[in-house]
Amino acid sequence: MAQDPMHNQLALWLQGQGASASVNETILALARSAVAIDREIRLAAIGRGQQAQTSENVQGEDQKTLDVVSNQIVMEHLAGLDHIAAMVSEEVEHPILPSAIGPQADQVVCFDPLDGSSNIASNCPIGTIFSILGVEGGDRKISEANILAASGKQLAAGYVLYGPATVLVVTTTRHVAMFALDPDGDGFMLVNDRLTIPETCSNWSINASYERYWDTAITTYVRECVAGREGPRGRDFNTRWSAAMVADIHRLFFDGGVFIYPALKKPGSETGKLRFFYEANPMALLAHRAGGRAIASGPDILDIRPTGIHQRVPVIIGSREEVDRIAALYG
Ligand code: P6P
């Protein structure tokens, strides 16, 4: 794998994890795209940077200029990697297939190029989420069915959080590591080579304005937390909600806790809001590798076999003790 002098510490860590050179090359390309997105975010704040038409994305959500620009940046950095058979982007309805495909094409890269973009105007956290799936190589274009069948074959997963610092969190074969972008331009510097999620916690993250739409399990769990030390939990809890999954998930590695975006009893949200391939699945792998747990109401997220590339699933991710408690409430 070509050493990328700009991301030397990331490249060295990746090599030590034992994933294939092509997976590591994809992650370095994603790291380079994150540096470009980071710059566009900061340029946009002063009214500069790339402009793009805004419209509605395939999810029917308001598409911000930076959504479109970030999507273009990721696609450009992955284009030309001959081991990529397809891309799945939150911003694009169908799988993105390279014009020419060779026998070495054995990866599908799924990504949310800019998660939490409703936070842009208020300068609150936003992020990029990615998942690298393994598919059978071969010189034929892969189908959506091939991608669906590969949902359980994550070769790597990670995210970039554009916050006070821009950090990259990634896993390939076993551990979860965190890197921070060096403002002096030397790329992502290793900060922690073994992130874990504390087993117990006192934080819960959920959009409480939807309480009337929750099912019994979530309602019971939250009310027990709110009851605090006088209630069945015998201790006080705290709540946090960033409106950006990347930020709320990142907090789990430091304070522990549980992030919940449940199925809601309202039209269009019956299986929640978050998408399996580029939000739930990668975050579930990171949590699992860090000693946490991730379920979709009943099943573990990593055991789900989706039926669509933009399928939404309920998401309950965090400290094992808390997720186990919620799983027990689902019975
Ligand atoms: P709500 C951002 O739009 C996102 O996809 C996640 O990053 C975030 O956790 C969630 O939706 C916020 O949803 O309904 O609270 O606005």
Side-chain angles (χ1 to χ4, degrees), residues 34 37 41 54-68 70-71 74 88-92 110-131 157-163 166-167 169 203-215 218 222 239-253 255 257-287 292 294-297 301 306 308-318 323 326:
I37 292 170
I41 291 167
T54 55
S55 52
E56 205 175 68
N57 68 11
V58 293
Q59 325 283 344
E61 295 163 342
D62 171 34
Q63 205 172 35
K64 305 285 192 300
T65 292
L66 272 174
D67 283 317
V68 177
S70 301
N71 186 58
V74 175
V88 172
S89 166
E90 180 193 56
E91 302 299 332
V92 181
C110 310
F111 54 91
D112 180 354
L114 205 63
D115 169 62
S117 54
S118 62
N119 279 349
I120 293 171
S122 56
N123 196 38
C124 288
I126 47 184
T128 298
I129 311 171
F130 62 87
S131 168
Y159 61 79
V160 179
L161 173 58
Y162 309 100
T166 290
V167 297
V169 172
N203 277 338
W204 46 279
S205 295
I206 193 170
N207 184 333
S209 69
Y210 299 141
E211 180 174 357
R212 64 190 182 282
Y213 301 123
W214 296 344
D215 59 33
I218 298 302
V222 170
T239 185
R240 292 282 185 269
W241 187 250
S242 306
M245 182 186 200
V246 178
D248 289 320
I249 294 290
H250 193 61
R251 188 182 302 108
L252 299 176
F253 293 106
D255 307 338
V258 58
F259 169 85
I260 306 170
Y261 207 109
L264 299 174
K265 298 173 189 169
K266 71 186 182 97
S269 301
E270 295 83 354
T271 58
K273 174 182 182 184
L274 303 177
R275 280 60 50 127
F276 174 84
F277 273 102
Y278 38 81
E279 289 170 320
N281 204 26
M283 294 305 198
L285 184 63
L286 288 163
I295 63 173
S297 302
I301 288 173
I309 63 167
H310 296 296
Q311 179 177 328
R312 299 169 191 268
V313 294
V315 174
I316 299 159
I317 294 184
V323 179
I326 296 171

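In each ligand, atom 1 is the first atom listed, and ligand 1 is the first ligand listed. Please read these numbers as outputs of a predicted model, since none were measured by experiment.
- Taking Y159 as the reference, H250 meet the ring-ring contact (aromatic ring centres under 6.0 Å, His included) condition, with sequence neighbours excluded.
- Considering all non-hydrogen atoms of both residues, A157 and L286 come closest at O-CD2, 3.7 Å.
- No donor-acceptor distance shorter than 3.5 angstrom exists from the side chain of N203 to the backbone of R240, with no hydrogens or angles considered.
- By the ring-ring contact (aromatic ring centres under 6.0 Å, His included) test, Y261 is found to be paired with no residue, residues two or more places apart in sequence or in another chain being considered.
- Near ligand 1, residues D115, G116, N207, Y210, W241, A243, A244, M245, F259, Y261, K273, L274, R275, E279 each place a heavy atom inside the 4.0 Å sphere around the ligand atoms.
- Applying the side-chain hydrogen bond (donor to acceptor under 3.5 Å, both in side chains) test to every pair with at least one member in residues 116-130, sequence neighbours left out, gives these pairs: D67-S117, T128-Y162.
- Side-chain contact between I129 and I249: absent, with no pair of heavy atoms (C-beta onward) separated by less than 4.5 Å.
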